[in-house]
*Asks:* 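Sharing a structure below in structure tokens format, with a few things to ask.
Note on naming: letters A, B, ... go to the chains in the order of the sequence lines (proteins, then strands), and numbering restarts at 1 for each one.
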There are 2 protein chains.
Amino acid sequence: MTKKASTGTRRAVPCCAPLAEEPLSETDAADLAATFRLLADPVRLRLLSIVAAAPAGEVCACDLTGPLERSQPTVSHHLGLLTEAGLLEREKRGRWAWFRVVPERLAGLRDVLGPGPAEAEPPARAAR
Amino acid sequence: MTKKASTGTRRAVPCCAPLAEEPLSETDAADLAATFRLLADPVRLRLLSIVAAAPAGEVCACDLTGPLERSQPTVSHHLGLLTEAGLLEREKRGRWAWFRVVPERLAGLRDVLGPGPAEAEPPARAAR
DNA sequence: CCAACACATCGACCTGTGTCAATGCATTAG
DNA sequence: CTAATGCATTGACACAGGTCGATGTGTTGG
């Protein structure tokens, strides 16, 4: 059974239990893989990092075509994928589109890879 | 128990700074994307979760072909990719191959997605 | 009202990769 | 030795997805 957010004080978007907790179901695995696939592209990773590292917390799309050395349709395509998946938020102001990261979404992914450093838990080695 | 988890001593395999810290370089992004691409497949995710959740800490390859409903060459292929990338360790005993997870590797990936929950930091909103 | 701009969408191309049958390579049993 | 077992490798195939030029849609400025 998949319980959501059993670990209490985390508001990270729940997708499934950490990998080391229990084997993934077929549907959970497909869902997770689809999300990780978004991070499996260098252009999208750089987009995420640029937006995430922006001091203002948001970046105009017009400032993203330059550093990535990709065409405008390509950047727009990747921004659309990241936004549709909930990793980015888009706000249109005038004729510009501004993007922000959705930190809870990344935190949810992070939790799948293992328990956080705060609750560092030894991997429960079963003695035989 | 010092939970000193500042940006200094992290034993997780270092690949690059967290996404929100600074924009990824082109090579770092390509490297990271290649690693995330390994997690972007449901079969590999289930393999990882099965091995990670094994009470003994290791699993024989002969026990992995069954639950995944994939052919033996396919499972072997994915195990090879995960092992080559350092996410799994392979030890051959007799005619069987046993696999373990390499937790530092997953921890390194986790750190890229954001700082630990202890230092959860709201996005610095700059007034405009 | 029209031109310029910013971004999204479409269509097409092409590389990358997940998949399996067939085969190869060790190791073990008899 | 020979046969059988467990896993890796090969080759071929089909599909997914990144890329860009062309075009569409909404907004601003003159």
*Asks:* If each of A/D41 and A/R95 is mapped to the nucleotide of DNA chain D with the nearest heavy atom, which maps nearer the 5' terminus, i.e. the 5' end?
*Replies:* A/D41
*Asks:* Using only atom types and a distance under 3.5 Å, with no angle test, would you say the side chain of A/S76 pairs donor to acceptor with the backbone of A/Q72?
*Replies:*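 Side chain of A/S76 to backbone of A/Q72, a donor-acceptor pair under 3.5 Å: no, none is there.
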*Asks:* Looking at every strand, decide which applies to A/R44 at a 4.0 Å heavy-atom threshold: base, sugar-phosphate, or nothing.
*Replies:* sugar-phosphate
*Asks:* Are B/H78 and B/D41 close enough that some pair of their side-chain heavy atoms sits under 4.5 Å apart?
*Replies:* yes
*Asks:* In whole angstrom, give the distance that lies between atom CD of A/E91 and atom P of C/dA8.
*Replies:*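 Going from A/E91 (CD) to C/dA8 (P), I get 14 Å.
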*Asks:* Mind checking B/R90 for me? I need base, sugar-phosphate or nothing, with any heavy atom below 4.0 Å counting as a touch.
*Replies:*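 The answer is sugar-phosphate, as B/R90 gets under 4.0 Å only of primed atoms, P, OP1 or OP2.
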*Asks:* To the nearest Å, give me how far apart NZ (A/K92) and P (C/dA6) are.
*Replies:* 12 Å
*Asks:* Within 45° of the axis and under 6.0 Å from the centre of the six-membered ring of A/W98, does NZ or CZ of A/R90 qualify?
*Replies:* no
*Asks:* Rounded to whole Å, please give me the gap between CD in A/E84 and P in C/dA8.
*Replies:* 13 Å
*Asks:* Please report, rounded to the nearest Å, how far the C1' atom of C/dC5 is from the CZ atom of A/R93.
*Replies:*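 It is 18 Å, rounded to the nearest whole Å.
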*Asks:* Near DNA chain C, under 4.0 Å by heavy atom, which residues of residues 68-81 of chain A?
*Replies:* A/Q72, A/P73, A/S76
*Asks:* Answer yes or no: is there a donor N or O on one side and an acceptor on the other, between the side chain of A/R110 and the main chain of B/R110, under 3.5 Å?
*Replies:* no
*Asks:* Do side-chain atoms of A/R44 reach the backbone of A/L38 as a donor and acceptor pair under 3.5 angstrom?
*Replies:*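 Confirmed, A/R44 side chain pairs with A/L38 backbone.
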*Asks:* I'd like to check B/L47 versus B/L82 (side-chain heavy atoms, cut-off strictly below 4.5 Å). Are they in contact?
*Replies:* yes
*Asks:* Between A/L32 and A/L109, is a side chain to side chain contact (heavy atoms under 4.5 Å, CB included) present by the stated rule, with each step listed?
*Replies:* CA-CA 8 Å; A/L32 243 190; A/L109 276 183; 3.8 Å; yes
*Asks:* For the pair made of CH2 in B/W96 and P in C/dT27, what is the distance, rounded to whole Å?
*Replies:*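 Between P of C/dT27 and CH2 of B/W96: 13 Å.
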*Asks:* Whole angstrom is fine here: how far is it from CZ in A/F36 over to P in D/dG17?
*Replies:*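 Answer to the nearest Å: 16 Å.
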*Asks:* DNA chain C in dot-bracket, Watson-Crick or G-U pairs under 3.5 Å, [ ] crossing, | other strand?
*Replies:* ||||||||||||||||||||||||||||||
*Asks:* Does any N or O in the side chain of A/T74 come within less than 3.5 Å of the main-chain N or O of A/R70, such that one atom is a donor and the other an acceptor?
*Replies:* no
*Asks:* Do side-chain atoms of B/S49 reach the backbone of B/R46 as a donor and acceptor pair under 3.5 angstrom?
*Replies:* yes
*Asks:* What is the distance, rounded to the nearest whole Å, between atom CG of B/L47 and atom P of D/dC7?
*Replies:* 13 Å
*Asks:* Nearest-Å distance, CG (A/L38) to P (D/dA16)?
*Replies:* 16 Å
